[in-house]
Amino acid sequence: MRRYLRVVVLCLACGFCSLLYAFSQLAVSLEEGAGGGGGKPQAAAASWLAGGGRGAGRGAGSAGPAAHPGRSDRYSLKMQPVERVHLAVVACGERLEETLTMLKSALIFSIKPLQFHIFAEDQLHDSFKGILNSWSFLQTFNYSLYPITFPSENAAEWKKLFKPCASQRLFLPLILKEVDSLLYVDTDILFLRPVDDIWSLLKKFNSTQIAAMAPEHEEPRIGWYNRFARHPYYGKTGVNSGVMLMNMTRMRRKYFKNDMTTVRLRWGDILMPLLKKYKLNITWGDQDLLNIIFFHNPESLFVFPCQWNYRPDHCIYGSNCQEAEEEGIFILHGNRGVYHDDKQPAFRAIYEALRNCSFEDDNIHSLLKPLELELQKTVHTYCGKIYKIFIKQLTKSIQDRYDRPPKER
Ligand SMILES: *[C@@H]1O[C@H](CO)[C@@H](O)[C@H](O)[C@H]1NC(C)=O
Ligand SMILES: *[C@@H]1O[C@H](CO)[C@@H](O)[C@H](O)[C@H]1NC(C)=O
Ligand SMILES: *[C@@H]1O[C@H](CO)[C@@H](O)[C@H](O)[C@H]1NC(C)=O
Ligand SMILES: *[C@@H]1O[C@H](CO)[C@@H](O)[C@H](O)[C@H]1NC(C)=O
Ligand SMILES: *[C@@H]1O[C@H](CO)[C@@H](O)[C@H](O)[C@H]1NC(C)=O
């Protein structure tokens, strides 16, 4: 009888244990399903690349943050297709190093696999290939290189009217026909948060919104459009197109109101008449055309706050991007060449730190101390005054991405 009782107790204990185990497994898989842990997306990225990527350096990487040998097998069994984040950039002239630094910042902080669409002048293609292939050990991205192209009917006219590279981004919805959504950024962008964060704004679009941008200015007294523009522009101060999130499926479907005809026009049909009408009045090229389009179709634009497109304008006349002060700077935009001259040493220091660092976890950590010292030297400048916000943001992003216990990564 007593032995019988013992067996029963033992069985109960075993049952309880396996129940506990089952729950813990459930918790783990729920967490992964929510994309909370860095581990799953990275592991998923490995098999994602194996099925179509450029595997040049596969398996080489015990060095990369994404390398977790043996984990992909375990996860591939229950893997769902991972949503790809599409990032596009247009690089011409001397912008090779700047573009690569932008792509590197995207890779350092992002969680989901990235697909880069790089539009570049032909003479830059070999250099892009060389460097990007040397990064393939990361296994978290793949890329396509394209020449600068225009719709064939009007190619000559577009090339003549604009610097060839400047208007390329307007045509992305027509060139990348298979891509649903895209984040376009200028070459002088640096990500200080995962690209996943801005990508998730796509899901916040209401039914009429097709694209998202930040205001050109926070402070109308120093705004450009409201003081100088000789054409319509969006909102109070216009929008800046350096960081532009697009649902291109919707852009291709929409019929746009305009001031040229009484009928609404598709994206592919509106650009040329718009350019013809306004070519003598526009200053900032394609950004002006975007402002005109969204002036007439304001319900189609999602405006995100300045911290997603943080420029020297937000700090040189005093700090006027309140969201950045409260929540951090998510995307830095060093326009007017500030990464390369001495006008905004704070922007330059961040650019150089990211340009110099390599992908090893240790290197990414050790970027902070010297950068902080460097930034302290800029405290006499307006943008340097807020250097602590830069450091706080980078520290947080690095912690979020690299300082989880290895188990969670
Ligand atoms: C990148 O990966 C995706 C998914 O496997 C694939 O559809 C795409 O063709 C790849 N692109 C390149 C340039 O390899
Ligand atoms: C261009 O600017 C001039 C001068 O401000 C203005 O008279 C004209 O109406 C503008 N053209 C268009 C198409 O808005
Ligand atoms: C873009 O819009 C289309 C059509 O409304 C929708 O099916 C798709 O899910 C949207 N894409 C994203 C990433 O939200
Ligand atoms: C979507 O949001 C924009 C901007 O707030 C607004 O103008 C538009 O009316 C909204 N569309 C719908 C269908 O609510
Ligand atoms: C980056 O490297 C250059 C030389 O390669 C050096 O002059 C510069 O001080 C470094 N900057 C930072 C912030 O590490």
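We count ligands from 1, going down the list as the structure has it; atoms in each ligand are counted the same way. These numbers were taken from a predicted model, which means no experiment stands behind them.
Annotation: cation-pi geometry not satisfied between Lys276 and Tyr278 (NZ/CZ under 6.0 angstrom from ring centroid, within 45° of ring axis).
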Assess whether side-chain hydrogen bond (donor to acceptor under 3.5 Å, both in side chains) is satisfied between Lys385 and Ser319, documenting all intermediate values. CA-CA 9 Å; Lys385 280 199 176 62; Ser319 178; over 6 Å; no
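For ligand 4, the atoms sitting less than 4.0 Å from at least one non-hydrogen atom of Gln209 are 1 (C), 2 (O), 3 (C), 4 (C), numbered in the order shown with element in parentheses. Within the listing of ligand 2, atoms 12 (C), 13 (C), 14 (O) sit less than 4.0 angstrom from a heavy atom of Tyr278. Distances below 4.0 Å separate heavy atoms of Ser181 from the following atoms of ligand 3: 11 (N), 12 (C), 13 (C). Close approach of ligand 3 to Arg253 is summarised as follows: ligand atoms under 4.0 Å from at least one heavy atom of the residue are 4 (C). The contact set between ligand 3 and Lys203, taken as ligand atoms under 4.0 Å from a residue heavy atom, comprises 12 (C), 13 (C), 14 (O).
The nearest heavy-atom contact from the protein to atom 11 (N) of ligand 3 is Asp180 OD2, 2.7 Å. Shortest contact from atom 3 (C) of ligand 3 to any protein heavy atom: Asn247 ND2, 3.7 Å. When only non-hydrogen protein atoms are considered, atom 1 (C) of ligand 4 lies nearest to Asn206 ND2, 1.4 Å.
Under a 4.0 Å heavy-atom criterion, His231 is not in contact with ligand 2.
Within the 4.5 Å cutoff, the side chain of Ile189 has no heavy atoms near those of the Leu332 side chain. Asp180 has its side chain out of reach of Met248: every pair of non-hydrogen atoms, C-beta onward, lies at least 4.5 Å apart.
Partner of Glu216 under the side chain to side chain donor-acceptor pair (under 3.5 Å) criterion, chosen from Asn240, Asn226, Thr237: Asn240.
Under the 4.0 Å criterion applied to side-chain N and carboxylate O atoms, Lys277 and Asp259 are assigned as salt-bridge partners.
Pairing of Cys383 with Cys315 by a disulfide is supported, the SG atoms lying closer than 2.5 Å.
Considering backbone and side-chain N/O atoms, Asn281 comes within less than 3.5 Å of an N/O atom of ligand 2. Of the polar atoms of Glu299, none of the N or O atoms is found under 3.5 Å from an N or O of ligand 4, judged by distance alone. Of the N or O atoms in Ser207, none lie within a sub-3.5 Å distance of an N or O in ligand 4.
At least one protein heavy atom sits closer than 4.0 Å to atom 5 (O) of ligand 3. Remark: atom 9 (O) of ligand 2 lies closer than 4.0 Å to no protein heavy atom.
Within the model, atoms CZ of Phe141 and CG of Leu103 stand 8.5 Å from one another, a figure rounded to the nearest 0.5 Å.
The backbone N or O of Asp188 lies less than 3.5 Å from a partner atom in the side chain of Tyr339, making a donor-acceptor pair.
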